Amino acid sequence: MRQETIIVFDRAEKMYEDKYALRDFSFEIRKGAFLTVVGGSGGGKTTMLKMINGLLLPDSGSVRVGGMDTAHTDLIALRRKIGYVIQGGGLFPHLNVRENIAYVPRLKKEKISPEHIGELLDMVALPADIMERNVSELSGGQQQRVGIARALAARPEILLMDEPFGAVDGITRKQLQDAIRDIHERTKATIVFVTHDLREAVRLGSWILIMNEGEVVQQGTPEDVRNNPNGDYAAQFIKQLECE
Ligand SMILES: Nc1ncnc2c1ncn2[C@@H]1O[C@H](COP(=O)(O)OP(=O)(O)OP(=O)(O)O)[C@@H](O)[C@H]1O
């Protein structure tokens with residue numbers, strides 16, 4: 001049986017002034033995948049990510065999420081199915097941990113119990129007694145964990161993560177990678193994870209997409225991409241792994 005596809009880019013394009021941020025971009029993401037997206041700076045990774053939750057719409061072509069074209073759908077309803085985690089966590093600095101996590105459920109007029117918040121904190125390996133702490137008192141790594149817990153609070157089908165671990169030290173980064181891998185196993189959410197770090201992409205991804213200048217360079221399993229780079233750009237990119 002063919003696996004279900006949840007996100008489809010069909011010849012999607014986005015231009016800024018005279019430069020393509022995304023060019024003739026066709027790509028499918030399977031439900032439940034852990035997709036890692038890598039590529040050099042300015043390659044279109046963030047643009048691609050923002051098209052999934054309709055923060056950006058294509059100038060031409062289409063993006064379909066769960067069968068709905070983002071250009072013709074209720075974007076608020078769409079975003080309720082999608083968690084979004086950015087570098088630093090993107091938390092509200094004037095709210096405490098509990099209030100940050102309860103923010104999205106509250107928008108949906110849903111109550112979230114302290115027990116459920118405790119469970120979410122446990123998923124990101126934070127103690128429940130951190131709940132009443134102001135987020136500005138937390139370390140960068142802790143803030144990032146709260147950002148993930150907040151994104152999970154609305155039980156998203158899709159989790160978008162843009163360089164989520166870019167600003168933390170190596171040990172914390174590895175712990176966060178372990179946490180997100182567990183979360184993927186437990187929630188079965190589809191994860192789209194943008195990173196500069198190829199090692200991180202290979203470690204986490206069930207499928208890797210290499211992008212350059214707004215286009216697909218190569219896609220495949222980590223082993224595939226690693227063993228069979230399909231051109232100079234991919235080969236050069238993969239070289240980063242050699243200094244392991
Ligand atoms: N709001 C904007 N206005 C003008 N140009 C933009 C805008 N957003 C992105 N771009 C351009 O579009 C291209 C793709 O940008 P994008 O942020 O998607 O790349 P990226 O791969 O995520 O890069 P990075 O890894 O540096 O974050 C770049 O050339 C960028 O300068």
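In each ligand, atom 1 is the first atom listed, and ligand 1 is the first ligand listed. Everything numeric in this text was worked out from a predicted model, so none of it was measured.
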Please write down residue, atom name and distance for the protein heavy atom closest to [atom].
atom                    : value
atom 27 (O) of ligand 1 : T46 OG1, 3.9 Å
atom 26 (O) of ligand 1 : S41 OG, 2.6 Å
atom 24 (P) of ligand 1 : G42 N, 3.7 Å
atom 29 (O) of ligand 1 : K19 NZ, 3.2 Å
atom 25 (O) of ligand 1 : K45 NZ, 2.8 Å
atom 1 (N) of ligand 1  : Y16 CE2, 3.7 Å

Between Y84 and M161, is any pair of side-chain heavy atoms under 4.5 Å apart?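 Of all side-chain heavy-atom pairs linking M161 with Y84, none is under 4.5 Å.
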State, with a plain yes or no, whether a side-chain heavy atom of V202 is found less than 4.5 Å away from one of L198. yes
Looking at ligand 1, is there an atom of it that comes within less than 4.0 Å of some heavy atom belonging to G40?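 Right, G40 reaches ligand 1.
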Within the structure, is a non-hydrogen atom of G44 found at a distance of less than 4.0 Å from ligand 1? yes
Within 45° of the six-membered ring axis of F92 and under 6.0 Å from that ring's centre, is NZ or CZ of R150 located there? yes
Parallel, tilted or perpendicular: rings of F34 and F193 (30°, 60°):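 The rings of F193 and F34 sit tilted, inter-plane angle from 30° to 60°.
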For the residue pair [X] and [Y], confirm or rule out a side-chain donor-acceptor distance under 3.5 Å.
X    : Y    : result
Q175 : R145 : yes
R203 : Q177 : yes
D69  : S62  : no
N134 : S136 : yes

Under 6.0 Å between ring centres: does that hold for F27 and F9?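 Judged by ring-centre distance (under 6.0 Å), F27 and F9 do not meet the cut-off.
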Quick one: which ligand 1 atoms are inside 4.0 Å of a heavy atom on T47?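 Matching atoms, with element in brackets: 14 (C), 15 (O), 16 (P), 18 (O).
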Give the atom numbers and elements of ligand 1 that come within less than 4.0 Å of a heavy atom of H196. 25 (O)
For the 3.5 Å polar cut-off, considering only N or O atoms, please tell me whether A21 and ligand 1 meet it. no
Do protein heavy atoms approach atom 31 (O) of ligand 1 to less than 4.0 Å? no
Return a yes/no value: protein heavy atom under 4.0 Å from atom 6 (C) of ligand 1? yes
Side chain, backbone, both or neither: which part of E17 has a heavy atom under 4.0 Å from ligand 1?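 Neither; nothing of E17 gets under 4.0 Å from ligand 1.
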Which bit of M48 is near ligand 1, meaning a heavy atom under 4.0 Å away: side chain, backbone, both or neither?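 For M48, no heavy atom sits under 4.0 Å from ligand 1.
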What is the distance from atom NZ of K174 to atom CD of E200, rounded to the nearest 0.5 Å? 12.0 Å
